[in-house]
Enquirer: 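Below is one structure. I have some questions about it.
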Amino acid sequence: MADIHIHRKHRLGLAKARKAAWKWAEAAEQKFAMECTVIEGKTSDVVEFKRSGVEGELIVAADSFDLSARLGLLLGAFRGRIEAGIEDNLDEVLAAAAATPAAKKKTPAKSAPKKK
């Protein structure tokens, strides 16, 4: 068996990091037929993922993503290629989340000045 460990720092805060992790999990489910489960916590979330030949978790914190995965015997032979693909994917998800502007708080509309 081969293990993969990837750590990525970010400045998203927990709310945006959660959204990015959800997108990552949805893509993993669609592209790789992964079964993903999200466990939300107060200070961090855990995305558990698995399918035949691989299982792991992505710990989502306000300032980092930590991914750990264990590859089975057959997929272990492709560890380098799989790890590089996961790194690229995480970097893309984090970059897209960082580029998304933060939601603005709604302020009450000011009334138009009265004409005299």
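If you read the sequence from its start, that first residue is 1, and numbering goes on from there.
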Enquirer: Given side chain to side chain contact (heavy atoms under 4.5 Å, CB included), test Leu67 with Glu57 step by step and report yes or no.
Expert: CA-CA 6 Å; Leu67 184 137; Glu57 65 181 17; over 6 Å; no

Enquirer: Return yes when atom CD of Glu35 has more than 12 non-hydrogen atoms of other residues, nucleotides or ligands closer than 6.0 Å, and no otherwise.
Expert: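 12 or below, so no.
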
Enquirer: Are Ile59 and Phe49 grouped together when hydrophobic residues (ILVMFWY) are joined by side-chain heavy atoms under 4.5 angstrom apart?
Expert: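 Result: no, two separate clusters.
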
Enquirer: Distance-only, no hydrogens or angles: does the Lys16 side chain make a donor-acceptor pair with backbone N or O of Ala97 under 3.5 Å?
Expert: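 Yes; judged by distance alone, with no hydrogens or angles, the pair exists.
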
Enquirer: Could you tell me the separation between the CG atom of Asp88 and the CG atom of Leu90, rounded to the nearest 0.5 Å?
Expert: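 Rounded to the nearest 0.5 Å, the CG-CG separation comes out at 9.5 Å.
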
Enquirer: Would you say that Glu83 contacts Glu87 through its side chain, given a criterion of any heavy-atom pair below 4.5 Å between the two side chains?
Expert: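 Glu83 vs Glu87: side chains touch.
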
Enquirer: What distance separates Lys23 NZ from Asn89 CG, expressed to the nearest 0.5 Å?
Expert: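 Reported to 0.5 Å precision, the distance equals 12.5 Å.
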
Enquirer: Give a yes or no on whether Arg79 atom CZ has more than 12 heavy-atom contacts from other residues, nucleotides or ligands under 6.0 Å away.
Expert: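 Yes, because the 6.0 Å sphere around CZ of Arg79 holds more than 12 heavy atoms from other groups.
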
Enquirer: For the CG atom of Asp45 and the CG atom of Leu58, what is their distance to the nearest 0.5 Å?
Expert: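 Here the interatomic distance stands at 9.5 Å.
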
Enquirer: Inspect the surroundings of CD in Glu55 and state if more than 12 heavy atoms from other residues, nucleotides or ligands are less than 6.0 Å away.
Expert: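 For Glu55, atom CD is not crowded (no more than 12 foreign heavy atoms under 6.0 Å).
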
Enquirer: So, the side chain of His10 versus the backbone of Ala61: is there a donor-acceptor pair under 3.5 Å, distance only?
Expert: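 Yes.
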
Enquirer: For the pair Arg8 and Asp91, find out whether any cationic side-chain nitrogen is under 4.0 Å from an anionic carboxylate oxygen.
Expert: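 The answer is yes: the pair qualifies as a salt bridge.
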
Enquirer: Can you list the steps and then say if Asp3 with Leu71 is a side chain to side chain contact (heavy atoms under 4.5 Å, CB included)?
Expert: CA-CA 6 Å; Asp3 292 335; Leu71 304 177; over 6 Å; no

